[in-house]
Number of protein chains: 4
Amino acid sequence: MATSSSDKRNAILHATLELIAERGFRGTTMALIVQHSGASAGTIYHYFESKDAIIHELYRCIKRQFGVALMAGNPNQLPWPDHLIHIWLSAFRFYAAHPMETRFLEQYENSPYQINWYEHELDEHMAALVQMLHRDIERGLIINLPLEVLYELTLGVAVSLAKRQIAGMLTLDERTQTEVAEACLRAVKR
Amino acid sequence: MATSSSDKRNAILHATLELIAERGFRGTTMALIVQHSGASAGTIYHYFESKDAIIHELYRCIKRQFGVALMAGNPNQLPWPDHLIHIWLSAFRFYAAHPMETRFLEQYENSPYQINWYEHELDEHMAALVQMLHRDIERGLIINLPLEVLYELTLGVAVSLAKRQIAGMLTLDERTQTEVAEACLRAVKR
Amino acid sequence: MATSSSDKRNAILHATLELIAERGFRGTTMALIVQHSGASAGTIYHYFESKDAIIHELYRCIKRQFGVALMAGNPNQLPWPDHLIHIWLSAFRFYAAHPMETRFLEQYENSPYQINWYEHELDEHMAALVQMLHRDIERGLIINLPLEVLYELTLGVAVSLAKRQIAGMLTLDERTQTEVAEACLRAVKR
Amino acid sequence: MATSSSDKRNAILHATLELIAERGFRGTTMALIVQHSGASAGTIYHYFESKDAIIHELYRCIKRQFGVALMAGNPNQLPWPDHLIHIWLSAFRFYAAHPMETRFLEQYENSPYQINWYEHELDEHMAALVQMLHRDIERGLIINLPLEVLYELTLGVAVSLAKRQIAGMLTLDERTQTEVAEACLRAVKR
DNA sequence: GATGAATGAGCGTTCATTCAT
DNA sequence: GATGAATGAACGCTCATTCAT
């Protein structure tokens, strides 16, 4: 039975994600992707233009997943400031629950690959979040600083802490997660 | 005329820093280091065991510089909470003023290179900072959360914002820098 | 049209044999193997793990050929002492007729490459010969000295003389070959 | 106090001998000779034209030593066939007692280095031996075969067995040594 | 769609040799 | 005599990519 977007294609993406998470871009060779995906070199080049194309596609998929996770549970219907706490926890938990994806993202966003993509992707996936923050600034609920600053004071901290948890450098229980979310809120609250 | 610690050696380190900042580890080939440093391949291997050894040495140098910059101006003699604001600003300004070093660090700390080093280096260079934070926790001045969390809520934010400034995505004037430092302080203050 | 066991693979082995015979291991570079075999560097590494692997494989092939040549004509069915004369002549003629293989063997067996292999290979290819000698010792037909000694007094001499003939230092006609074989027999005969 | 032919020069030759015996020509780099000899690269090139020149010089020294050892005890004054037995034992014992020199010789004589040298050196160092064999052939005491053949039937066997003893593959006690010498004599005796 | 043998430019590294001091 | 920093051509090997089947 045929599949809508090919088992092989998914196997290639999945193998690449695993490999990059554990070996980095440099250590992820096409030969390794061939072995782990079960697809031949020729097949990989049938579905993707190049190794870089696989990586860019993977980035797009993961960003999409992350955007969905962030806005799950309709946070924009929660009262102030619960929606910010909710989003912070969603972000932290997404990263903590997806170590391979997180290790991929941190590598992608700190590499030559990313330079052409970054801003574009930020806008596309975070549009709803950005809108929410704008609204809260206008209402005088949070301090009037550039969006990038607000992002780093809140979700940026979530990413960094999730990375450390994945690396085994610390573990945040649910209670502490909420405490940190509240600390971030204090930082940006007027 | 003889030089202390060899001109060639410094030229190699400097060329490598520039190249990695603009092309990444992978894009920084020995051939490029040869061209930019003015040293031959043989000479490079006279001073360093391998390409990795150059990179590790560069990391050590930069971390040392950063540690010095952070503790410049004797922040531990300033009254609460000025010392934290002072350190935050020192960190941000160091990163913002050293774009190549910052781009290098972000790549190093997100790569296989770093895995063996990270915690050790953190302790060595940040000992004074860590001590300061411990003291403030004990005095009940800042919230009682793991040090890693406090780090990400404060200096972690400085790094991230400096990276964005280097990337040209925003510019923080001195006034705004202080506002962000104060926002970070609100996050960790009891 | 497909070939059994790949033309390229054989071309690589053959080119390597020729090159080592005339230039030694050190002088046989991968670039030269590429030129003489008609295979690209990548193809060579598709069939062999390393330059050393080519050399070890070549050794195995040649030893196999030699073992076959030695036992050709069913010498163990000949009466005493004709079977020893027969084997001696087979050995000498194999070496004399295969100068490249002989030059290869002499280099392989006097190099770090061989250290792990030598004894093992001796047993494997010479099993029948060893058995024959044992039998003749037990029957009191040849002197009771260690096998290695008996080997050097007989086939070892054949190798050395063949090497000299290949080097053009002397030429043994059929008559003289038999005389030398008989001299060797006198050495080991009780 | 000055030395007749420089300590450094001897240190270089000795270090090279040790290194080649245990690592071969390929594994003996100039850097290693620098370390083990205590002479700097510059000094080595003051005494020798090239790495090959060191090796050729070493060969000449060892051949000279060997020639001396072979003719020690004035074998040409011993009665037939004791002088041949005596020379055979001298040869075997020289090799067995000088493992580094023997390992060096076997590598030298199986390498591109040797091709230009071999015959010349044979004549020079073995002149006395050759003369002795000639005399014995004329007297009808030994078989009339080319000198090279007689060499391989006698001293050639001594070399090969000494190599095996050095490699730890067998050990010949004094009694057995004499038995083998006598076996070689039987091979060449009329 | 799928294969995998074949490619070759380019990689990090080595090492015999030189020469200013 | 002696040094050792400097050289650079050449080494063994890798790997993203292609294409005949």
Side-chain angles (χ1 to χ4, degrees), chain A residues 2 6-9 25-35 38-55, chain B residues 1-3 6-9 12 25-34 37-54, chain C residues 1-3 6-9 12 25-34 37-54, chain D residues 2-3 6-9 25-35 38-54:
Chain A
S6 180
D7 284 348
K8 291 267 180 192
R9 203 186 119 99
F25 290 140
R26 166 171 225 185
T28 299
T29 65
M30 290 303 284
L32 243 15
I33 299 176
V34 165
Q35 278 173 43
S40 70
T43 301
I44 294 175
Y45 281 87
H46 176 73
Y47 287 109
F48 299 96
E49 268 211 330
S50 65
K51 184 183 165 183
D52 282 14
I54 306 176
I55 290 169
Chain B
M1 195 210 273
T3 55
S6 182
D7 282 348
K8 291 269 179 191
R9 203 186 119 98
I12 293 161
F25 291 141
R26 168 170 228 200
T28 298
T29 66
M30 291 306 288
L32 245 12
I33 298 176
V34 165
S37 68
S40 69
T43 301
I44 295 176
Y45 282 88
H46 179 74
Y47 288 109
F48 300 97
E49 272 211 328
S50 65
K51 184 183 164 184
D52 282 13
I54 307 176
Chain C
M1 197 207 271
T3 55
S6 181
D7 281 349
K8 291 268 176 192
R9 204 187 118 99
I12 293 161
F25 291 140
R26 172 172 223 200
T28 298
T29 66
M30 291 305 289
L32 244 13
I33 298 176
V34 166
S37 68
S40 67
T43 301
I44 295 175
Y45 283 89
H46 179 74
Y47 287 108
F48 300 97
E49 272 211 329
S50 64
K51 184 184 164 182
D52 282 13
I54 305 176
Chain D
T3 54
S6 181
D7 284 348
K8 292 264 179 195
R9 204 186 116 97
F25 292 140
R26 163 170 229 187
T28 298
T29 65
M30 291 303 285
L32 243 14
I33 299 176
V34 165
Q35 279 172 45
S40 70
T43 301
I44 293 175
Y45 280 87
H46 176 74
Y47 287 110
F48 300 95
E49 268 211 331
S50 64
K51 184 183 164 183
D52 281 13
I54 306 176

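Naming convention: chains lettered A, B, ... in sequence-line order (proteins, then strands); numbering from 1 in each chain. The structure displayed is predicted, hence computed values, not measured ones.
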>> Checking the side chain of C:K8 only, and the main-chain atoms of C:G38 only, is there a donor and an acceptor separated by less than 3.5 Å?
In response: yes

> Atom CZ of D:R9 and atom C1' of F:dG1: how far apart are they, to the nearest Å?
Replying inline: 15 Å

>> Using 0.5 Å steps for rounding, measure from the CD1 atom of C:I33 to the CD1 atom of C:I44.
In response: 6.0 Å

>> Just to be sure I understand the rule, does B:T29 reach a base, reach only the sugar-phosphate, or reach nothing, if contact means heavy atoms closer than 4.0 Å?
In response: sugar-phosphate

> What's the shortest heavy-atom distance between C:L32 and C:G27, and which atoms?
Replying inline: CD2-O, 3.4 Å

> Given the rule in the side-chain contact (heavy atoms from CB on, under 4.5 Å) test, do A:I55 and A:T28 qualify, once you have shown the distances and angles that lead to the verdict?
Replying inline: CA-CA 11 Å; A:I55 290 169; A:T28 299; over 6 Å; no

>> Please compare C:A41 and D:T28 by the position of their nearest nucleotide in DNA chain E and report the one closer to 5'.
In response: C:A41

>> Just to be sure I understand: a Watson-Crick pair is purine N1 to pyrimidine N3 plus N6-O4 or O6-N4, both under 3.5 Å. Using that and G-U wobbles, which stems of three or more pairs involve DNA chain F?
In response: E:2-21 with F:2-21

> Can you tell me how far P of F:dG4 sits from CG of B:D7, to the nearest Å?
Replying inline: 19 Å

> Whole Å only: how far is the NZ atom of D:K51 from the C1' atom of E:dT17?
Replying inline: 12 Å

> With respect to the phosphate group of F:dG4, does any side-chain polar atom (N or O) of B:K8 fall under 4.0 Å of OP1 or OP2?
Replying inline: no

>> Please pick, from E:dT17, F:dG1, F:dT18, the nucleotide with the shortest atom-to-atom distance to any side-chain atom of D:H46.
In response: F:dG1

> Quick one: C:F48 CZ to E:dA5 P, roughly how many Å, whole number?
Replying inline: 13 Å

> Rounded to whole angstroms, how far apart are CZ on C:F25 and P on F:dG12?
Replying inline: 13 Å

>> If you only use heavy atoms from C-beta on, which nucleotide in E:dT17, E:dG4, F:dT17 is closest to the side chain of A:M30?
In response: F:dT17

> Which residue lies toward the 5' end of DNA chain F, D:A39 or B:Y47, if each is placed at its nearest nucleotide?
Replying inline: D:A39

> What residues form a side chain to side chain donor-acceptor pair (under 3.5 Å) with D:Y45, not counting sequence neighbours?
Replying inline: none

>> Please confirm whether the shortest side-chain N or O distance from C:T43 to OP1 or OP2 of E:dA5 is below 4.0 Å.
In response: no

>> Let me spell it out: for each of B:A31 and A:S40, pick the nucleotide of DNA chain E with the closest heavy atom. Which residue's pick is nearer the 5' end?
In response: A:S40

>> Just the rounded figure in Å: distance from C1' of F:dT14 to CD of C:E49.
In response: 13 Å

> Residues two or more places apart in sequence or in another chain: which of them pass side-chain contact (heavy atoms from CB on, under 4.5 Å) with A:S40?
Replying inline: A:T43

> Starting at the 5' end of DNA chain F and moving along, which residue's nearest nucleotide shows up first, C:Y45 or B:G38?
Replying inline: B:G38

> F:dG12 P sits how many Å from C:I54 CD1, rounded?
Replying inline: 10 Å

>> What is the distance, to the nearest angstrom, from the CZ atom on C:R26 to the C1' atom on E:dA16?
In response: 9 Å

> From B:K51 NZ over to B:T29 OG1, what is the distance, rounded to the nearest 0.5 angstrom?
Replying inline: 7.0 Å

